[in-house]
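What follows is a set of notes on a single structure, which appears directly below.
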Amino acid sequence: MSMPAFLFGLIGALLLLRVPLAFALGIATVATMALDHMPLTSLAVTYFSAVDNFAFMAIPLFLLAGSFMEHGGISKRLIDVSDVLLGRLIGGLSLVTVGASMFFGALTGSGNTATAAVGSLMIPTMIKRGYAPSFAGAVTAVGGTMGILIPPSISLIVYGIMADLSVARLFLAGVVPGIILGAALMITAFIISKKRGYKGTQTKFSTRGLRQAMFEGKWALLAPVVILGGIYGGFITPTESAVVAVIYGFIVGAFLHKELTFDKVILSIKSTMAVTGILGIIWATALGFGELLTLYQVPQLVSKAILGVTSSAAMALVLISVWETFIGMWMNTMAQIIIMTPIYLQIINTLGIDPITFGIIFTLNCEIGFVTPPLGTSLFVAMPIADVKLGEISLAAIPFIIAMFVVIGLIIAFPEIPLWLPNLIMGRGI
Amino acid sequence: MAIFTKTASSEDGSPRPLRLFLASFEGILSGFLLVLLTALLFVQIVNRYIFGISFVWIEEIARISFVWLVYFSAASAARGDRHIRIEIADLFLPPAALKAMTLVADILVIGFDLVVAWLGILLVGSTILYGDRSPVTEIPMGVIYAVIPVCFALMAFRLFHFNLRKHKDGAPPPLRGLE
């Protein structure tokens, strides 16, 4: 048996045995290296230097900022603005949910944080107004996934580091697809609401009402400008902008809205730490694993196999999307990006696909992974709030998943869509 | 075995500060490192854009704190068994089989942790022997690298400990922000 086959077989066996992902990657690496008579001594340095990365620091900082904003009364004010704009339409509350998720996506880099922030307020409200709990849960779970598409995004940071691309450019590339996806989800929610007779809220649209909601929510609405403005003004790096986001979220939550209490600050720090440790060690062992894959030329082998089936860029992207939908059911997004990116890059470089466009398609695929069981983490966040079973919420999510596939198809057909805004603001070039 | 099975409280039920600290010091340390990291990077930004100066040592200390933060948080996560498992088998296997599998899995993880801890000790030993220091702050690299053996050994210990007491505690609360 060849070494790469052994490596993948072992990973599969370890995961089935319920070895945690980070450690399954580590054990497979150690076992393969030992069997192939490679010295293990370098592994300790690999695990240290993998994490010693300035760009990677942005991830816990954006998570902490998102958590401060979740607890600092920002989601409530974003929902109010969204309500004035969309509430009176058919299925108003579900449209408000999608709209508020888009706003919140511009504050946080995590899909689950967005689902939690918007869902904790919107799911109970929707259920009270007669929406089916499974529908209310599904629309928040799917809406929240836009947290990783609309900048900032922890997934795009990881992809950017792996693919050696400008994170600032990737962030900008997510904006237009994010708006298209938001519109697609709203249309889906609208059609379902119309069929089921979900009415709009009593909120009448008036410029005065809008002005008042926007004034109340001014610190929330200003946040994306503060967080992202610095990056595109060329003043600061994404990591530094994450620090600014933390400080901004803290000041707004604690001193301006006065809702971020000491207990909530401690809670935010605790959950950020736990996520940092869990993701950090996956990152370290996955990079060690990736070095072995490169050594055995696995990316080239997979690429050759795919190119044997098709030489069309669009067809290859469809195949990757189908494969991603499958592994997204089982695997955590971060692990998917770290393990699969080198393999995909080999394919897309051969076919001449733009790596930035591909990053956006990949992110959309990861979003589908958030809402497909058995491992659908956004569903897990929304389920207890809506008090529904995994089966019910998964079925209710299907129409939205179809809408997400339509958006992926649109970007495969028109690969220039994500590139338009970065080219406009940052100019062409790498 | 008594020290493993008792909870962190004295006879009258109030927590003992020392034992509570030992039970979760990596969590406290990583919380401190997260705040330190944010503060250092913020000072750096203010210095650069308001006063036009920047200190190389701040970046070096920030990077070291970050690596330490990751590994101490990972050890802290092992304490509550929060590392992500892919739970395909849960769909079709009976609980008894799952329990046995998890035990085998945890033994493998502890073995891996100990191997990396040993490799880390070798690394620390050799960098101390050659007298390597970090470029700016000149901290011995052996001290900086010590996070690898310390945290991997700690993870092995915490997971071992978790297996001993897991029938007492319920499941930890779910985590958000992982994706």
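Keep in mind it's a predicted model, so treat the numbers as computed, not measured. Chain letters run A, B, ... following the sequence lines, proteins first and then strands; every chain starts at 1.
Of the atoms belonging to A:Leu14, it is side-chain heavy atoms, and not backbone ones, that fall under 4.5 Å from chain B. If you measure heavy-atom distances from B:Val147 to chain A, the contacts under 4.5 Å come from the side chain alone. Residue A:Val45 touches chain B through both its backbone and its side chain, counting heavy-atom pairs closer than 4.5 Å. Contact of A:Leu15 with chain B is made through backbone and side chain together, with heavy-atom distances under 4.5 Å. Using a 4.5 Å cut-off between heavy atoms, B:Tyr49 touches chain A through its side chain atoms alone. Both the backbone and the side chain of B:Leu108 come within contact range of chain A, with heavy atoms under 4.5 Å apart. Within the 4.5 angstrom heavy-atom criterion, atoms from both the backbone and the side chain of A:Phe56 approach chain B. For chain A, no part of B:Phe72 is nearby; none of its heavy atoms comes within less than 4.5 Å. Contact of A:Ile247 with chain B is made through the side chain alone, with heavy-atom distances under 4.5 Å. If you measure heavy-atom distances from A:Ile266 to chain B, you find no contacts under 4.5 Å at all.
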What do the steps show when you test A:Phe54 against B:Phe66 for ring pair (Phe, Tyr, Trp, His ring centres under 6.0 Å), and what is the final call? CA-CA 9 Å; A:Phe54 195 73; B:Phe66 178 64; 9.3 Å; no
Verify side chain to side chain donor-acceptor pair (under 3.5 Å) between B:Thr137 and B:Glu60, making sure each step is shown before the conclusion. CA-CA 7 Å; B:Thr137 47; B:Glu60 195 171 282; 2.4 Å; yes
Is there a side chain to side chain contact (heavy atoms under 4.5 Å, CB included) between A:Glu70 and A:Thr108 once you walk through the steps? CA-CA 9 Å; A:Glu70 178 191 347; A:Thr108 176; over 6 Å; no
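Below 30°, between 30° and 60°, or above 60°: for B:Phe55 and B:Trp57 the angle between ring planes is between 30° and 60°, a tilted geometry.
In terms of heavy-atom pairs under 4.5 Å with chain A, the best-connected choice from B:Val116, B:Leu37, B:Leu34, B:Leu69 is B:Leu34. With respect to chain B, the highest number of heavy-atom pairs below 4.5 Å among A:Ile236, A:Ile59, A:Thr145 belongs to A:Ile236. Chain A forms more heavy-atom pairs under 4.5 Å with one residue of B:Glu59, B:His83, B:Arg48 than with any other, namely B:His83.
By the 4.0 Å N-to-carboxylate-O rule, B:Arg158 lies close enough to B:Glu26 to be salt-bridged with it.
Rounding to the nearest 0.5 Å gives a distance of 5.5 Å between CE of A:Met33 and CG of A:Leu43. Taken from CG in A:Asn332 to CG in A:Leu21, the straight-line distance is 6.5 Å, to the nearest 0.5 Å.
Contact record, A:Thr272 with A:Pro60: CG2-O, 3.3 Å, taken as the closest heavy-atom pair.
In this model, no donor atom of one side chain and acceptor atom of the other lie less than 3.5 Å apart for B:Asp132 and B:Thr127.
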